[in-house]
Protein chains: 2
Amino acid sequence: MNIGDVAERADLPAKTIRYYEDIGLVTPARDPNGYRNFTETDLHRLTFVARARTLGFTIEDCRTLLALYDDVGRASADVKRVAQDHLDRIEEKIAQLHAMRETLSDLIHACQGDHRPDCPILSDLARTAYGGND
Amino acid sequence: MNIGDVAERADLPAKTIRYYEDIGLVTPARDPNGYRNFTETDLHRLTFVARARTLGFTIEDCRTLLALYDDVGRASADVKRVAQDHLDRIEEKIAQLHAMRETLSDLIHACQGDHRPDCPILSDLARTAYGGND
DNA sequence: CATAGTCCCTCCAGTCACTGGAAGGTCAAG
DNA sequence: CTTGACCTTCCAGTGACTGGAGGGACTATG
């Protein structure tokens, strides 16, 4: 398979696949003309990575997960730990985003959004760090 | 004020403040020895940016918000639009993260996490794209 | 006056995961 | 033989910093 076919079947840009080769996630063979020649296994690894990426795993996580996938003697506990760590990071991010959302939506609701300059959003941003404790 | 004082008062690394100067968010004066000499106004702009960044605004947003803040003839509607766009992006990210969280936590719950190799997490990642429609 | 320690300076490189583009080689069809 | 679609490599840019090298400036002490 050429890179175009793989790109379509793995639903990944060809650029990304070349990048994944660069960083060693796949190592496709080469035709005499220099074209990459992917096997079904290569494609499978790429769809694996694509799926992991949509779940938010980092490339390093993907590398680890691929290694575990290749290791028939793996312990599922190792996989679970990678996933749990990742989930923890996601929870943390969600919490941060929730905090931002709350503040932002409060400010947006408080803002008239008209032609006048007065704006609680700017007032909030411009508040000093000691804004009201004294 | 030297950069160290500003760093402490704005709760920003000195490195970051230099970077903000590089990209034109502040333009502190210079002492004859080359040291940056920040005014209270500079500090105020930096705390403004710091606050905006904790609310997740991009640097470009910060640039826009600072310009609006400086413009006494601004319309609050302009500020509100920037904030609303940002909130929309946050909502979208939260939705994505929720989707990841749901899938991940399902998979993690399904995984025994023991010494055996069988693992629904890996099975999910390794599923083919046509995984069950045929 | 020398020295030590703390601050400050600039410039370069790296992060993460791609993405865009230039410049050029290869292949199948007409 | 040309056109167009494909493929190749290499370089640079993204966002928002961060780390480090290599060196100058200032303050306090002996």
Side-chain angles (χ1 to χ4, degrees), chain A residues 1-38 42-43 45-66 85-86 89-90 93 96-97 100, chain B residues 1-38 42-43 45-46 48-66 82 85-86 89-90 93 96-97 100:
Chain A
M1 254 178 301
N2 279 350
I3 200 168
D5 307 316
V6 179
E8 192 171 351
R9 290 179 58 186
D11 196 26
L12 282 173
K15 274 269 182 191
T16 299
I17 296 171
R18 289 196 195 97
Y19 171 68
Y20 287 169
E21 183 188 13
D22 251 26
I23 62 171
L25 291 185
V26 275
T27 48
R30 296 287 180 138
D31 283 341
N33 61 11
Y35 286 20
R36 289 170 184 80
N37 188 341
F38 295 84
D42 292 327
L43 172 59
R45 287 175 75 84
L46 286 168
T47 57
F48 183 102
V49 171
R51 170 82 179 137
R53 293 288 299 132
T54 69
L55 290 180
F57 285 104
T58 66
I59 291 287
E60 278 319 297
D61 285 341
C62 291
R63 208 187 288 284
T64 306
L65 291 168
L66 277 173
D85 287 354
H86 177 44
R89 273 175 272 139
I90 284 179
K93 234 177 206 169
Q96 285 172 7
L97 289 174
M100 290 177 189
Chain B
M1 252 178 303
N2 279 350
I3 199 168
D5 307 315
V6 179
E8 192 170 351
R9 291 179 58 187
D11 197 25
L12 283 173
K15 273 271 182 191
T16 299
I17 296 172
R18 290 195 195 99
Y19 171 68
Y20 286 169
E21 183 189 14
D22 251 28
I23 62 172
L25 291 186
V26 275
T27 48
R30 294 289 181 136
D31 284 337
N33 61 12
Y35 286 20
R36 288 169 184 81
N37 190 341
F38 295 83
D42 291 327
L43 173 60
R45 286 176 74 84
L46 286 168
F48 183 104
V49 172
R51 170 80 178 136
R53 293 287 300 131
T54 70
L55 290 181
F57 284 105
T58 66
I59 291 287
E60 280 319 296
D61 286 341
C62 291
R63 209 186 289 283
T64 306
L65 291 169
L66 277 173
V82 173
D85 287 353
H86 176 45
R89 274 176 272 139
I90 285 179
K93 231 177 209 174
Q96 284 173 8
L97 288 175
M100 288 179 190

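Quick note on labels: first sequence line is chain A, next is B, and so on, each numbered from 1. These numbers come from a predicted model, not from an experiment.
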Taking DNA chain C as the partner, which of residues 25-38 of chain A come within under 4.0 angstrom of it by heavy atom?
A/N33, A/Y35
If you walk 5' to 3' along DNA chain D, what is the first nucleotide with an atom under 4.0 Å of a heavy atom in chain B, and what is the last?
D/dA16 to D/dC26
Within a reach of under 6.0 Å around CD of A/E8, are more than 12 heavy atoms found that belong to other residues, nucleotides or ligands?
no
Can you tell me if B/D11 has over 12 outside heavy atoms packed within less than 6.0 Å of its CG?
no
Have a look at B/Y20 and say if it touches a base, only the backbone sugar-phosphate, or nothing, with a 4.0 Å heavy-atom cut-off.
sugar-phosphate
Scan B/I3 against the nucleic acid and name what it touches under 4.0 Å (heavy atoms): base, sugar-phosphate only, or nothing.
sugar-phosphate
What's the separation between atom [atom1] in [X] and atom [atom2] in [Y], rounded to the nearest 0.5 Å?
| X | Y | atom1 | atom2 | value |
| --- | --- | --- | --- | --- |
| B/E21 | B/T27 | CD | OG1 | 7.5 Å |
| A/I59 | A/L66 | CD1 | CG | 9.5 Å |
| B/R53 | B/T16 | CZ | OG1 | 9.5 Å |
| B/D42 | B/R36 | CG | CZ | 11.5 Å |

Under 3.5 Å: donor-acceptor pair, side chain of A/N37, backbone of A/M1:
yes
Residue pair A/T58 / A/R89: nearest heavy atoms and the distance that separates them:
CG2-NH1, 3.9 Å
Heavy-atom distance under 4.5 Å between the side chains of B/F57 and B/V82, does that happen here?
yes
Map B/T58 and A/N2 onto DNA chain D by nearest heavy atom, then report which one ends up closer to the 5' terminus.
A/N2
Below 4.0 Å from chain A heavy atoms, what is the first contacting nucleotide of DNA chain C and what is the last?
C/dA17 to C/dC27
Are B/R63 and B/E60 close enough for a salt bridge, meaning some N to O gap below 4.0 Å?
yes
